[in-house]
Structures are given as C-alpha cells and as structure tokens.
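A, B, ... follow the sequence lines: proteins, then strands. Residue 1 opens every chain.
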Amino acid sequence: MDQPKKKRVMVWGARIICVLGLSLFISNVAVAAEIAGISGSSAELHKHYDKSLRGKTIGFVPLALGSPLMGSWDYNMRKEAKECGMIYKVKDPNWNAQASAQAISAFIAEGVDVLVAHNMNMQLLAKLLRKAEKKGIFVIQINMVSNYKTDVFVGADWYSIGLRQAERVLKHCGKGTGKSGKVAIMQGELTSAANIEQVEAIMSVLKNHPEIKVVSSQAGNWDSNIEHDNMATILKQHPDLCATIGIWGISHLGAAQAIKEAEMTDQVLVVTSGGGSVQICDAIEAGLIDVYFNYQSLLQGHDIMAAAKLLLQSGLEPGQAKIALFSPVFEITKKNSSYSCFPYPFPEEMMEALKIDYPFLPISE
Amino acid sequence: MWSRLKQSLFHRNDQYAIPPMDGVLLPNNKIDQFRVVRDSINRPDDLEVDSDGRLYVSTGNCIIRLHGASLEEEAVIAQFEDPPGGLNFHPDGRLMVCLDGKGLALVGKQGVEERLDIAGDGAIRCANTAVAAPDGRVYIADGTSYHGPREWYFDLMEKRTTGRLLRYDPETSKTETLLGGLSFPNGVAISHDGSSLLLTESWSHTLSRYPLSDIRPETRDVLISNLPGYPGRIVPASGGYWMTLFAMRTHLVEFVLTEDKYREEMMRSIDPAYWIRPALSSGEDFLEPLQAGHAKTLGVMKPWAPPRSYGLIARLDEDYEIRGSFHCRVNGKRHGITGVRERGGALYAASKGNSLILEGRSGGA
Amino acid sequence: MNMSSGELLNSKAGPGSVVKAALKSLTQEQIIVLVTFVFVAIFSIFINGFATVGNLMVLLRNMSVLGIFSIGMGIVVIGRGIDLSQVTTGAVSAAWVLKLMHDGMGITSAILLGLALVLLVGVINGYLIAFIEIPPLFATLASGICVYGFVRHFLLELLNNHYVPDTCKDFLFLGQGKIGGIPMPVICFGLIALFVHLFLSRISYGRFIYAQGDNEDAARITGIGVRPMKVLQYTLCAAIGYIAAIVMASSTASLNVRIVDSTLIFDVVLVVVLGGISLVGGRGSVLSVLAGTALIGTLLNGMVIMNLGIAQQNLVKSIVLLGAILLDTFLHPRDEETARQGDI
Amino acid sequence: MSQLNDGLLQLRYRWSFKKFLAELLEKRWMDGIIPFGIMVCVILVFGSQVENYFSPDVLAMTAREFAEPGFVALAMAVTLISGGIDLSVGGMFAIINFLSLMLTHIYGWPALAVVPAALAVGALMGALNGFLIGFLKTRAFLTTLVTMIAFRAIVKLLNLEFAPKIALSAKTTFYESTVWDYMGDGSFLGIPSNVVILLVVAFIGHVLLTRSRPGWRVYAVGGGRRSARHVGIKVERTIFFVYVISGILTALGAVFYAARLDSAASETGMGLEILALMAVVLGGVSILGGKGTPGRALMGIVIVMVITNALLRLGIDSALNSLIQGLILLFAIGIDVKWLKHLYASIEKIYVVPTYLSLPKALDPRPGSGTVFEFNDRLKDAETIGLDQIDGPEDVILDRQGRLYGSVRQGWIVRFSGDDFSKRDIFANIGGRPLGMAFDRDENLVVCVGGMGLYGVRPDGEVYKMTDETNRTWTRLKDDSRIRLADDCDIAPDGKVYFSEATIRYKMEEWPVDGQECRPNGRLICYDPATDRTKTIVRNLIFPNGVCLAHDGRSILIGLTWKCDVLRYWLEGPKKGRIETVISGLPIYIDNINRASDGNYWLASVGLRTPVYDLAMRMPSFRLRMVKFVPPDEWLYPNVNWGCVIKFNEQGDVLESYWDPLGNYAHVTSMREHMGYLYLGGLHNNRIGRIKIQGADPEWTGPDSYWGKK
C-alpha cells in the first residue's frame, strides 16, 4: 500500500493506542486504588500520591539545552518535580550522539525511576531505552518517537501538523486562487522522525493537487543561515513563489528574513510550526510569518510530568503501558499572536518560581 | 650575593662581552718576524728615541741607551734604586722617567736633576707614563695608589679603581690631580694637533680623549671601549698612534673576577705567580694554571689557546680607529709588550715578558 | 621552494612535466577564475534562472560572508598558519553582541565590546602560536573549543539562538540595507577586500607577512619581529571574522551558535586554498580569495538551484577541495628536505 | 677540625638532587610517567565526585563506552607517531557503523561476515587517505579534513537512503544474533568484550610498533622524514600503510559501537576526531611525530573519557564541559611542545654536578725543591719511536718477542717491530678508543676499549669480545650495566681480568668533564673468562685509572686519577676483599701503574696538580658555574703539559721521578719496563719514547714476570 495511506493508518492506530492506553491506565488506577484500600478521600489520595512520588528521581536527556523548545520542557519539569518532591536531574549531551547515549546509560547506571529521553533520531537510543525498561525504569520519549515504543510518548503529532500546514497552503495557493502554486519546503534534519513524518504528510496532501508545484525541498539542518541563503536563491529563481513551509519556526525565520529582504512578504505565505516561543510571535507581528502551528512546548513539559506521575502511581511495571500523549496544536496568526507565545529566555519572575521551596506534609502511614 | 643573583638572573652576559680577535685585530705572526735587537736584557719596560735616533730603554734598575748603525752599542745613562718605567722627553730636552713607587725623575745632562714623588693628595705609587704637553706641563698616569707598576696584577685582581691623572708644572713645580678613580690609567699621550690628551685605562679596556684645555671627568670622550685586551702605553706614530696591549682578556679571568669567594681565597693562599690572571709571560713554570685549550696534542700547543700572555701592538690612525696590528700568539715567545716607539721606518718594541728588544717595519701593520 | 620545485620539474621529464609547465605558466588564481567561468557558462546554459542579474546579485550577497571570513583566514595562511577558531570566535562574539543588545545595550557599545572580546581571543591565539610555539592547527582548534564553551557558559547563558531586538533595527542595515541597489554585505566584502589588499601589497608589515610565510627563519634573521607579526596576523584574522559574523547575524536578524558545528570553517579554508593561497605560506593574495569565493559561490548557488541537499553539496565541495589541494601540492610540491617536523 | 669540616663538606656535596633529577629525566619512561600521573589523579578526583563511580557494573558500563573511542585513539596515535594525523576517523567511524547496521538489519548478514567486511571497508577508506598523503604527498591535516567532510556527506546520503528502512523495518527493530549481542553486551570474565579486544589489539600493536622493523620504520618516518628517506626507508609506503591501519582500527571500534547501540544516526562519531586527538596528545604521543606508544594512547583515552563522562554525569552544562575540554587540550599540547623542546636542554644544563674534594698539600715538584718529585731532565734524551706515525698511544706494552704495541686514537693496536722498532704495522683494528692493555697466559692481548668494553686480541690479530656489561646497581637510578669507559686492566694468575671503569656518567671524550665534576663515578670490575661472568667488585671510586697486579699476585693496585691516591685491593690473604690506601695525595694526576723489574712499581702521571686547580676542587659551585658560563676551551685544567713517571715500592714510598724538560712527553699516561728499557706512551703524544734505566734487570720482561719464562 502507498506511503501516505499507510501513514494515516499508523497515525490513527497511534491515536487508538492512545485512547486504549488511557482507558487501560484508568482501570489500572482503579485496581491500584482497590489494592491500596483507599476510601476515596482527598487525604488518602494525597497519601498515595506522596508515597509513590516523593523522593523519586526523574532524569532528562534532551538533545541540548538552550533553545526555547527544550528550555521550556526543562523549565516545567524542574518546577513540577520540585512541587511534588521529586528529584530532577538533567544531562546535556549538546547535540552529540555518543554523549546522549552516555547520558542515558549513566542514568540507567545511577538507577533513576523515570527516564525522559529526547531522541536524536529514530533509533539512536532504542536499544538503551529497552535496556532501561528491562532495568525497571519508566521511559518517556518526547517529540521524536524512536522505533522502540516505550511506556509513554509525549510530543507533537507531526503528521497531523503536516496535514494542517498543507491544507493552509492549499487554501492560499490552490485552485481558484490564481496564484502560481509554487511551494518551497524548508526541511530540517532529514533523518529525524519529526521531519520524516511531517514532510510525508505535507507531500501526501500536496501531491493530490497537480496545480501545486514543490519547487524546492531542502534540508537546512535547523540552521537559519542556510535557510536564509537557500530561500534567497529560490526567490530569485522563482519570483512568483506562492508559499513556503518550514518544519521548525526558529530556523525558518531565516527564510522569512530572505523573503522580507526581497519585499515579497505579502506575496509569499510563510507556514511553519514549533514550540511557540516569543520570537515567533514577534515575527508574526512583524508579518514575517503568516501561519504558525504551535504545539506549545510549555504544555508538553507539563504533559511529561503528568505522564511521569501517572506511571509512578499506576503500579504498572515499566514496559507494560503504551501511551501516547500528542500535544494539542494551536494555529497562530496575526489575530492571536499577541497572547499565544511564551517569553524566552524566561523572565526573572518565572525563574524565581524555580527557587521556591515547597512545603511538604510528612508522609503519614 | 648580589653578583650570584645577577649571574642567575642575567645569564652572565658579561661573560660574552670579550670581542673576538677579528678584522683589524686578526691574529698574525708579525712580531715573531721582528729582528731581535737585544735578548736577555732585563725586563725592558719602555722605550724612547731622541732626535739623533738613539734608543733609550728602561730596564732593570737603569736606563740604557742603544746607538750605532744597528744599535749594537750601548751605554748606561742613569741608575735608580727602583726599576724605571715609562720614558718620555720633556720639551726642554730632559728625559722624564717614571719610577716604580717613587713617582717621576727628570734626567738631564747631569743625570737626575729633579724628582717628583708626592702629588697633592698622596704619593705617586704607580707612575706608568708621563708625557709633556707643548707648553711644558707634564701629565702623569698614576695607575693606582696601592701597588707599584710591578704589581699591576694585584690591582687588577683586587678590582681597584684608584688611578689618577696628574699634572705637574715645572715652572711652579706644582702638581694637581685632574682625574681620580680611574681604573689603572696606563698610557697617556698628546694628540698630534696638541689639542687633546689620550688616556688608556687598562682595567676598563678603554682609550679615551680629553681636551687638553679642560680635563674633567665630564669632558671625557671614549674613543675605543671594550678592547679584547688590556691597553698599555700609547705613543704617536707617523700619521697615527701605536698602542700596546700588554695582555689579553680571557673568559676564565673575567669569570674569576666575578667569583669573589674564589678570587679572595686564591689571592690569600696562593703564590701570585700561579694565580688565574693575565701575565706578561707564561709557560716557564708548570704550576701555572692551565686551561683546556692549552693541552698539548701531538706535542703541539695550539696558537689559539686562551692567552695567559700575548704579544700585541695595535696601530691607530689619526681618527683613533684601529687600522692594523702586530701579534705574537700563544705558542710564540715574544709576549708582554709594554713599550713601543717608531723611528724612521722602524718600529721598536720592548717585550717585558720575554726580556727582548725587537725591531720591525712600521709599515707592516 | 620554488627553486626546488623547479628542480623537480627539470628532474622529471615526460608528459607530466609538460602539463605542469603549461599549468605553471598560469597562476592558480587564473586557473580558478577560468574554472569559475566554465561553471558559470554551464549553469547559465543548463539552469534557467541562474544567469539573471538578480540571481548573480544574490550569489554575491550570499557569498560575501564566506568571502569576508576567507580574507581574514587568507592573511594567516599567507603567514604559514591557519586559524580554525575564526568562525567560532566570530559567531559566539556576534551572538554575544545580539545578547547585549537584547539586554538593552546600545548598538555601538555592544559591537565594541564584542570586538574587544574577539581581539583578545586573537591575541591569545597569536601568543599560543608565536611564543608557546604550539602548531597553529592545534592551538586554534583548542582555543576554538575553549572560546565556544567560555562564551556560551559565561556570556550567553547557554542560549543557542539570538535575535536582533526590535529596539535595534538599525543594526539590520549592516546585513539587509542597500546602498545604490548594492546590498551592504557585498559592500562590506568589497571594502575589506580593498583594505586588506592594500595592507598586504602596500604596507611593509603586509610584505613582512609574506616574508615570514615564505621562510620564517630567514625573516627572523633579516630582523623582522616574527613573533609580534604572528600575533598581529591572528588578531587581524579574528577581527575580520568578527565582521563577517556581524554581517551574517544582521542579515538574518538572528544568529544560531550552532553554526560552529557546521562545516563553515572548512568552507573558509576551502576558499582560501582553492584561490591559491598555498598552505606552505608566502603565496597568494586577496585576489586569490576573491577567485576562490567566486568559484565556491557559483557552485553552491548552482547546487541550491539544482535543489541538491546539504549532503550532496558537501560531497561536491569536498571533492572540489580535494582537487584544489592536489593542485596545490602539484604546483608547490612539499620539499622533503626543508619540510619541518610536525609541519602537517 | 678541618678534617671534620672536609668530611662534612664532602657529605654535603655527595648526594645531589640535580644529579638525581638529570638522571631521572634521562629515563625513557619519563615521557610516560606524566600522563600516567594525570590519569590516576583524574580517576581519583572525578571518581570521588560522581556517586557509585567504582561499583562494578557502572565501571563495566563505563569501560564499554571507553573501548570504542579507544580503538579510534589507537588509530590516531599510529598516524601521529608517523608524523601525520587522521581527522577523518570520525567520518569513517560513522560510515562503518552505518554499513554494519545496514548489512545486519537490511541484508541480514551474519555478524561473523559483517566484521571482516567492515574492516575491509575501513582499510579501503584508510587506503584513500594513505594514497593521497603518502604517495601524492598532500598535507595530512587538510587531506583528512576533506575526506572527513566527504565521509560525513556519504553517511548523510546513505542515511537518507537507508535510515528509514533500518528504522521502519519494524520486525527487525532489534537484529538478534548471539555474536552481535555478545559484541554489544557480552563480557569475558566480567570484562566487557570490546575492552578485551581493545587490550589485545593494543598489546599486539605495542609489540609491533616497538619491537618490529615495520614499527621502527613508522617511528623513523615520524621522527624525521628526511633522515628516514636518507637511510632508505620507503617513506611513501610506510605512511600509506599507517593510514590503512588507522582505517582498520577505526572500523573495529565502529563495529563494536554498532553492536552496542544499533543506531544509524548520521551524527555518529561527531567530534570523535577531536576527542581522540585530545586523548593521544594527553597520553604523551607527540604531535611532532615519532614519539609515543599505543599504551600511552590508551592512557590518554581513559583520561579524556573519564573527564568528559564524569562532567556529563555531574550534569555540568555542555558549554562549561567544552571549555574544560578545550583547556585540557591546550594544556596538554603546550606541555607536550615545551617538554620536547626543553627536555634535553635542561638535562644538559643540570647534568654536571661537581663535588667537594680537598687534596692534602702536595710535595713541591719545582726545581730546587729538593723533594723526590724535584724536576729533572732524565727523559730529555729519550729515543723516539714512531715519531708522527702514531696518534696518542694511551698504553704501550711489549710481548715476549720484544714487539712494541700501542693503543691509539684511531681504534687500532699499532705494533712496532724490528730491532729499532722501525717496522710499523696495524696489529688489530678494534674500534672505539683502545686504552689499557695486558697479555694473558696464552699471549692474547687484553684491551680496555673506551666506549666498547673489554676486548681480546689473539696473537694472529683476531679480535674477540670479552665483556661489555656488568651487573647493574639497582640502588642507582642511572643504568650502569653497560661498560662505558674501561680504562686499564691487569690479569691475576687465575686468569681473572681486573679492570677499571673510569666513570659511568660520561663518555670517553668527556673525561675532562668528569674531572670537573670529580665525583666517585668509577669502579673496579672483574671479568672471569672461565665462567664468562662479569662482576663489579668496588664501586664509587674517583676516576680509577691504572690497575696493576702486585708482584706477589695477591693484591691489585688501583690509581685514582683526580684523587691522586693509589689503593690496594686484596684478592686473597687475611685482608681478602678489603681496600687500603697505599699512597695518598701525590702532586701528580695518576694514570697507569705497571711493574718494575726491581720489585717496585712504575706510575705514569697524566698531569700536575696546580694550586688554583686544587683550590677549585674545594669549591664545587665555582666549578659548576665555570662549566656553565666559560667556553669549554677555556676551562681550568690540571696541568697536563708536564707529565712524568715515578717509581714507588710496595709500602708506597715514592723512590724517584723522571721528567721531560722539552715537553715532548707533555703527559705520560703509560710506561712499561722491558729488558732494561722504559717505554713511554701518552694519550695525546705523537711518539713513543724509551730510555735506558740505570740498574734495571736487562733480562726482565712483563710477560715473564706475570706468566714465568717460556
């Protein structure tokens, strides 16, 4: 069967898994509750909550810290872990494959309770993650799903984002719009799961519309400079470009700049996606970007913690659950750009929140 | 202590300050080719020639006069209880004789006519040379106030700078000290134009000039500094000057001069003949210090071995530039040349070290 | 060197030497320029939209940053060195400048601060190489890593992406403005090229760099202060790299520190060597840099239009560079007798 | 009082830290000791910082991670040693990693087939580098830089093509194969498999590099291409193979990496080249080439990996991490460069360490002094033999046939024969600097050869080695097992050869420096031809020179040159093995000692003590500075221009002295009595002299007195 259909099936499959997983998980909690003989009062819940969470460690291995996306994850996990008395550790491999493998195995060696992995590609960490689960560690993967499905996946649903991006482009350049229908796709890292899925989704839509011509589909390695130069060239070559689709807003800003320099901001529709940091909203205000699909990395951070809490309380063994939490995606345009982004780097008062020492009740038997 | 510190700090650059014998001072064997006028004459110190071309020599305790076609005849013209040194004619025809430890004697037709042994602030211990200016005033180089000329090397090894330049006025028979604190003033001469006075200082290896009218430390004009040897007397030549260097500097001596502890112990406990010091002659006594370069190989002593004693006469031109030189090298036996005079085309030299009177061609330099 | 290669020429008779003789009649710049024209011709024929004035201007514009970097590098390479920390230093400093502006500092003061940082790094590089006598390759390799870490940790708070704040829109003029229809980057490139050319060809210090690059010992003996000269070179190189980075930042209104991990620095070396500034030092000029830049620019532009991926582009680039290096060793063969130890 | 004072001063100067340091720095293992120290420190420091760092499984895990870069470090080390560098290791690593995954996951090859394939491809890529750098003579750094970019690009392309396939081929998410898994996870006696292999490879590599011809070639090329080429090494080929090997080693590492992580990431091996470079340089493999061993490379990788891994695990942020790494790299290279640059210079600087020696006041040898040493002209009219035909006969000896032998500078034994010794021929060409000689029972000539040891010459002129090493003194830092400066020998009735080694700190031509130092650096050695064993019997002698068997054959006399003493070492009798002083404080510097026909002994003097030199002997620091600051040609010397010969009896009373007023025998280093004549040799003389001795037994010859009449 042809790729896109297969994909769509997969995605739907994923969603079903997700729903099933949730139900399964709820039933689990019920079971757990029964075993724990809880009457249902909040105090009892609280006791259960504290018992299963407090003092547990959660380890985080991002690709690298220092970008809004991973920064916001880091921020939320740090904060919420502190709130529920969990110990939060992060090891920063800074885009280095060996290093992230090292970090994971270091966490395994140190024996954390929950391991949050941001996978560089589809199977860099697969084997290690399996090892971790074998060692009794819950594993949460974020944004880039590895081909080894661990307990929980938290992240953007690239495929649907891709579909929605394509739809918007169709609306702008498709039949009857009288535009050239020329579209440029600015890819990121060609082997990253996100990239693969999103691009496939986009193509799966666009290829059913002959009036749309994809004039360029190049990888910019998440680098705004490369995207800038490429876009400049493309524009010279296709002055009638109708739209450009970017995978990651931050790097796509480069392309947007190029369009601005060519004074074609009105003509070219700039569609991209990302975690929704303030720079993007500024760019939308400035008219550099027209449509932005925001999968709200701050919320993702929260989801990660939620998933961690669920797993720890569920009484499941690592490897039993198969849960996917696809992030809600908001479409940001000029209309809502004023309030839809989070500031980055985080303002002082937000950082203050990390310094609070939260009061804890003693765990009563 | 300080010297030790200096050594460690500044890498003893002074060790390398001895200029190489090169260019106009390139070693040769010219002195070895001189004709021997007299041998086994008792340590001749200085020479003087009178208008009739007769040669006066200060030797042993007397002054002798050599005359005749090839100077074969000889006559004693004066006797002293102390060895006479520098000789020079006074314009009034009297011969000025420097006496060891006893200042100056003026010898005329009736023998010694006048004595000068006290100069203003102390006895004249070491009158090396006395020369008269056209106006009849006598300039005396008093090497040191501690030793007589015979013990010149004590003065060197004690690092004394107590030499004086004196002026004696026969009219008023007054003596005044023009310069003090000199490092062994040895040769003194009046320039050809009669306007300035030339002075060699042995221990500072310099030849300097003072305006005859005004001789003060401030008016000193150093003509040659850092000679490779210890300059002795300087006398007028046809179109220039002759300068004797009665001994050469060696690294070892310069080194010992910086090694106070060793030097003092050596001077305290060892016979002066066997000190590490320059000498007027060497090689007779086998308790003398020997340096690596001296070691005979295959029965030969290298001429470039470090010179304990050496024979050297330098020729200066009107502008006090060294223009040429006569040498007798380490393996030679005509060392310690203290006196030199030119007569006609002939050059007479007194080798005090090896007790010789020599005659060469003045044009040869 | 020339002489010895001459001997080589005489010693080896045969077709090789004939070709070589033919090539030797041309300087490497000339060869490269020729090749460039060939490429331009090919592209214009087979790629529509290449031979437009607009595209050529874009080509120039896109190359100017690389060009500026390369001129800086050229100075060092002429002096028989290499500076692998150039891009890193420039990039992180420029990022710092953006950060400073973001934190509300004025444009000029921010830029000056950044410059100070860069000059410091340049001097340190020079010191390591000239006085501690660490081979340039390793010294700059290590110093690059250090600077990257230092600036990111102490000055950039680990942020990778930095943006020009709205308050400093004037800053963008440097990269996005136009004077008489010519984009600023191109103008900067031109000016720097001019200045450096004058420096290298008219000023005694410039000539000294050639002397030192050609034969350091001889230069030292003739009384050139070789060590200060080296410090000067690396400082200049760093400063020019800084300008390039500033232009780059301003033209995209942002800077991602991760550019350090990209192959940009290798592109710079590529341009320099390609243009005929031999790594044996003492050869080439700003013109060589221009030639090299032109060729690479044309290649990249063409490849982008042909819609080649980064990977393919790198592959092509590396092959071209390999060719350049071979040409270099072919024209200036390494003299085994004079080659110094550790001179790799 | 002064005696005590002298003793104290002697003690004060006896042991010197500078001497210790100089001899320490000379050791070849010094280069390795520094990285080793760093390694230990690093492990202790970071190990204590990171929690449960030393727990077995964590260690195993860490070791497993170390192993793969370890292979790469080996590769880098080999290239650096050969005077090059290979920056493409990272790229190769990635390609091989990807390749092996492709073969296993997509084509399902068996692991046993994948490994050789991977190695072959690695070799191929290495060959590309090798060809460019070795044969086309491109510069290693740039070339490998470019190939690195190329390899990376290729990985990217492969990735685009196959990564999804590898990734999405869901059923083979994990390629199952016992071998593959063993490579990835297995361990041998608790040691991870890849570590075991790494150690084995490193060991083999070490042996090959340091103990085999090809290995030496690599070092030679790295140490200096020019010289290597001049001695006929095929530089091009050597370099080529070095890079091939580098490729293979990298491939090996990559295969293990693939087996462990199963990841086809295109980022694989990013920055690996820097890591490896840092490691080997830290390990003490010089970037200037020609220095270092695989062992050190491994030390380096351990250091670097411990640091990076620990920093990561401590949660240090990446920036600080790279800052630290950069600084370490800089530091390491700086040290490396400076170390190599200054090591030998500093050894030179501090090697000479003069000591305190106070000689008793000497008898006055000057004319008219009336002492037994009083200067005379008894050597004045000595007949000259072989004038200007002989260059420095240090020792002279005559055989039963009355032929005269001289050991000369050219390394020959020159023989003069005929009744007036007019016939000159080269009896033997030994080499080195032949010095003392003696005839053994079978009329073989036993010769001490400076710089070579103890040699024998058969009557037919055939040269054979007797010994050139003795038992090492383990308490000494300096290896004194080699015999550097055998000086004079004599033979006991039982055939044992007793010979003196003047100094163990200096070479033959440096003997005057030893004179300046004046330390007890010499020793008396005994060689037994019967058992062919060599043994040092007396240590710490101050330049022992002459050795002579006493007439009764029960003791030997030893002359100490700088100490001006004659010692007696008892071979048998009540005082067996004891040392006693026979004469002390002679006014002359002692050289050889030989028997005289009247039952006394001849003693040759190489020179005279001078007051200033004696004083210098009492001022070590003065001598030290002199050696440092005064050009060698101007150093203060003992007066070696006035030699003499003296005769003394068993009790050590000096009986008479012979002087040469002409200085033809500037210094006498040896003399032999033969048939009523005394023959004179000198280290720098251009002749052998002989004089008739009044009242000497005209029949007496050396061989007879030793081995009886024949």
When rounded to the nearest 0.5 angstrom, what is the spacing between [atom1] in [X] and [atom2] in [Y]?
| X | Y | atom1 | atom2 | answer |
| --- | --- | --- | --- | --- |
| C/Thr252 | A/Ile226 | OG1 | CD1 | 11.5 Å |
| C/Arg258 | A/Ser251 | CZ | OG | 10.5 Å |
| A/Ser277 | C/Asn161 | OG | CG | 8.5 Å |
| C/Asn55 | A/Ile234 | CG | CD1 | 11.5 Å |
| A/Ser224 | C/Leu255 | OG | CG | 7.0 Å |
| C/Leu59 | A/Thr233 | CG | OG1 | 8.0 Å |

Best-contacting candidate, [options], against chain A by heavy atom pairs under 4.5 angstrom:
| options | value |
| --- | --- |
| C/Ile259, C/Leu300, C/Asn256, C/Val65 | C/Ile259 |
| C/Arg61, C/Glu157, C/Lys178 | C/Arg61 |
| C/Ile47, C/Leu156, C/Leu264, C/Leu159 | C/Leu159 |

Count the heavy atoms of every other residue, nucleotide or ligand shown that sit under 6.0 Å from [atom1] of [X], and state whether that count exceeds 12.
| X | atom1 | value |
| --- | --- | --- |
| C/Phe39 | CZ | no |
| A/Glu348 | CD | no |
| C/Phe37 | CZ | no |

Would you say the side chain of [Y] lies within less than 4.5 Å of the side chain of [X], judging by non-hydrogen atoms?
| X | Y | result |
| --- | --- | --- |
| C/Gln313 | A/Gln218 | yes |
| C/Gln176 | A/Lys260 | yes |
| A/Ile250 | C/Tyr163 | yes |

Shortest non-hydrogen contact from [X] to [Y]?
| X | Y | value |
| --- | --- | --- |
| A/Asp229 | C/Asn62 | O-ND2, 3.5 Å |
| C/Ala253 | A/Gln257 | CB-NE2, 3.0 Å |
| C/Val58 | A/Lys236 | CG2-CG, 2.8 Å |
| A/Asn225 | C/Met248 | OD1-CG, 3.6 Å |

Inset, instruction - Considering only heavy atoms and a distance below 4.5 Å, find which of A/Ala258, A/Ala255, A/Gly254, A/Ala232 pairs most often with chain C. - result: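 Going by pairs under 4.5 Å, I would pick A/Ala232.
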Inset, instruction - Can you tell which part of A/Leu253 gets under 4.5 Å to a heavy atom of chain C, answering side chain, backbone, both or neither? - result: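 Interface part for A/Leu253: side chain.
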